[in-house]
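A, B, ... follow the sequence lines: proteins, then strands. Residue 1 opens every chain.
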Number of protein chains: 2
Amino acid sequence: MFFNQVGKMALGSRLRMLSERMTEDAQLIYQLYQVDLRPKWFPVFYVLSAGQENTITAIATAIGHSHPSVSKIVREMVAGDIVVERKDESDGRKNRLELTPKGRGIAARIQDQYLDVNRAVEEALAQTHHNLWKALEEFEFLLSERSLLRRVQQQKKERESKKVKIVPYEPRYREAFYSLNEEWINTYFKMEKEDLETLGNPKEYILDNGGHILVALYENEPVGVCALIKMKNTGYDFELAKMAVTSRAKGKGIGSLLGRAIVEKARSLGAKKIYLESNTQLTPAINLYQKLGFKKVVGPPSPYERCNIQMELELDNPTR
Amino acid sequence: MFFNQVGKMALGSRLRMLSERMTEDAQLIYQLYQVDLRPKWFPVFYVLSAGQENTITAIATAIGHSHPSVSKIVREMVAGDIVVERKDESDGRKNRLELTPKGRGIAARIQDQYLDVNRAVEEALAQTHHNLWKALEEFEFLLSERSLLRRVQQQKKERESKKVKIVPYEPRYREAFYSLNEEWINTYFKMEKEDLETLGNPKEYILDNGGHILVALYENEPVGVCALIKMKNTGYDFELAKMAVTSRAKGKGIGSLLGRAIVEKARSLGAKKIYLESNTQLTPAINLYQKLGFKKVVGPPSPYERCNIQMELELDNPTR
DNA sequence: ATCATTTACGTAACTAGTTACGTAAATATA
DNA sequence: TATATTTACGTAACTAGTTACGTAAATGAT
């Protein structure tokens, strides 16, 4: 059958189809009990007969419809002499609803129908191994905890991050090192004098001074970079800097992979303390640094204008 | 929450709502993968990309939609450059469909999406006790075996048959005995001379000759009757006759209750063999007689025109 | 007391499906 | 070979919901 082939992508369709099948039968069931209601009136009718709510919006929230839907249903029910409307005296906006004598008659007669439908469904469910009613409840709960979208996003991230490789810098990544950094700097700030020099000459400014650069490859394309710059006479061993991930490769966990790799690199070089400068506007970056264990500090004055937060990470007793 | 209060009557609504919630997310998921498809196109797209079917009606049956639905979806997909149409050469009615290069590109890119969605849903389902996917399958199967309507009908019958009382004839049921029989005779045939006499004078024609009459009461109203008429010199003890149930009280199992009661009565009177006459047009009646154990026989000639079948039941060795 | 905001609800237009119906081509039948 | 039936599919109109928007009443803030 179609659904078993397509898989879970079609869960929505499958639910819709079963639902349609049930409402079709519902139509006939009302006839069976000679209850002069249309299935789509039922939720509204139920709330009114239970005496719970009696204004359009309140009913809509109670039954999980939009208010225009309730508005239309009520109009039909008024035409069918099931419900009467009357303006609220103290609040002229509200449309108070009430069952007519005919409506109350139906409410009495429908009790047997409730009973029989409940029993019929329960009898069917009792024959199943996986109870549909309970399954719906559980699934609805799971989705309210975390939406399907977020669950899929996470799967995507997990799958794609497996395709990310972190490799040491090589001269052929010089262009990428520049442009990846330029991309984010120009999005949020503007390039400064220091940027042009350091980014243009990573070998001279970073590697030759005892620093390191890691590059993240996705399908063999450089999509992220990060550098460790040697620091002297500051109490820090390295500055974590020039961290950049292209927006094209978002949602693949690249920042996190790169961050963990660069910290690991520092650790393997015997570093005890690393430092970084950033800007609080860059929330995802700050979140990442916190996850890596960095704590806010007041450090030495920065040459960069865009720096408004400084952080450090002690490696003697790493948090992770 | 609403659904737990209303109970299983709202199963249809609940399914519809979950389905809507899922399709909303689906929209966003397509965006996430930059797949230029609308969720409602998906089933058609899937069938085409799998190379299974490629005409409107065939796709419609495969995915369980109506053909106009597929027709409209295809029109949209053509506008979106996903699909091209071309007339079948040998059969001018058929509209052969094919993915465009763009469509094939999407088919390739969507693979990852299948994977992630499947995993996301399966991961969620794994956290539930009642698996929604399997529950749907089981429930769909149960409904295909016996529809919800029939299940409800049965519950109704069971509940209502408990309110039916079978009591012996009393003079105050004389009117009912006549009119209940008149009702069905006039619906299918017409009243004959014998009917007028026997039905008008049950005491004289039936009871005083050693016969018996049972009356079915529903909410203290007579809704069915049935008689045992003493037979002599025929090899039979009684004729089961004048069985009538008003159409107003259909679907309450009254015929069955009355039938079993009258057979029981005959048995308690020491009868060995009962006889009856009927007409094959009255299928529900014939079915009932068969359930009670009656077998077709060729009996003595009947005084009634409408009789075209004769049956007997041996009580020495009752089937039930 | 006045003005801005929020709330209640109706109307209009849209969506994703449906059924009903018509037409042309293909197939079956006399 | 002519005619009836079936099949494929498009169009129109309907259904049960939605979102978008407007208006009047109530409420809150200055």
A.B. asks: Please identify each residue that fulfils side-chain hydrogen bond (donor to acceptor under 3.5 Å, both in side chains) with A:K156, with sequence neighbours left out.
C.D. replies: none
A.B. asks: Using only side-chain N and O atoms of A:R16, determine if any of them is under 4.0 Å from OP1 or OP2 of C:dA16.
C.D. replies: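 Indeed not, no polar side-chain atom of A:R16 lies that close.
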A.B. asks: When you measure from the side-chain N and O atoms of B:S66 to the phosphate of C:dT18, is any distance below 4.0 Å, counting only OP1 and OP2?
C.D. replies: yes
A.B. asks: How do B:E76 and B:E89 order along DNA chain C: which one's closest nucleotide is nearer the 5' end?
C.D. replies: B:E76
A.B. asks: Sequence neighbours excluded, which residues qualify as salt bridge (Lys or Arg N to Asp or Glu O under 4.0 Å) partners of A:E76?
C.D. replies: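 Testing A:E76 for salt bridge (Lys or Arg N to Asp or Glu O under 4.0 Å), a comparison that skips the adjacent residues, returns A:R38, A:K40.
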A.B. asks: Rounded off to whole Å, could you give me the CH2-to-P distance for the B:W41 and C:dG17 pair?
C.D. replies: 13 Å
A.B. asks: Once rounded to the nearest 0.5 Å, what's the spacing between atom CD1 of B:I110 and atom OH of B:Y33?
C.D. replies: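 It comes to 10.5 Å.
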A.B. asks: Partners of B:N308 by side-chain hydrogen bond (donor to acceptor under 3.5 Å, both in side chains), sequence neighbours excluded?
C.D. replies: B:T280
A.B. asks: Output the rounded distance in Å from CG (B:D88) to P (C:dA24).
C.D. replies: 19 Å
A.B. asks: For B:E20, is there an ion pair with B:R16 - N to carboxylate O distance below 4.0 angstrom?
C.D. replies: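 Yes.
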A.B. asks: Taking 4.0 Å as the cut-off, does a side-chain nitrogen or oxygen of A:S69 come that near to OP1 or OP2 on D:dG17?
C.D. replies: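 So the side-chain polar atoms of A:S69 never come under 4.0 Å of the phosphate oxygens OP1 or OP2 of D:dG17.
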A.B. asks: How does protein contact run along nucleotides 1-15 of chain C, one letter per nucleotide 5' to 3', with B for base contact, S for sugar-phosphate only, - for none, heavy atoms under 4.0 Å?
C.D. replies: ------BSBBB-B--
A.B. asks: Report which part of the nucleic acid A:T61 touches: base, sugar-phosphate, or nothing (heavy-atom distance under 4.0 Å, all strands).
C.D. replies: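 No contact.
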A.B. asks: Relative to each other, are the rings of A:F42 and A:Y30 parallel, tilted or perpendicular (30° and 60° limits)?
C.D. replies: tilted
A.B. asks: What residues, two or more places apart in sequence or in another chain, satisfy side-chain hydrogen bond (donor to acceptor under 3.5 Å, both in side chains) together with B:S69?
C.D. replies: B:H65
A.B. asks: Keeping B:K94 on the side-chain end and B:N54 on the backbone end, is there a donor-acceptor pair under 3.5 Å?
C.D. replies: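 Judged by distance alone, no pair lies under 3.5 Å.
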A.B. asks: Which residues in residues 18-27 of chain A have a heavy atom closer than 4.0 Å to any atom of DNA chain C?
C.D. replies: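 Within residues 18-27 of chain A, no residue comes under 4.0 Å of DNA chain C.
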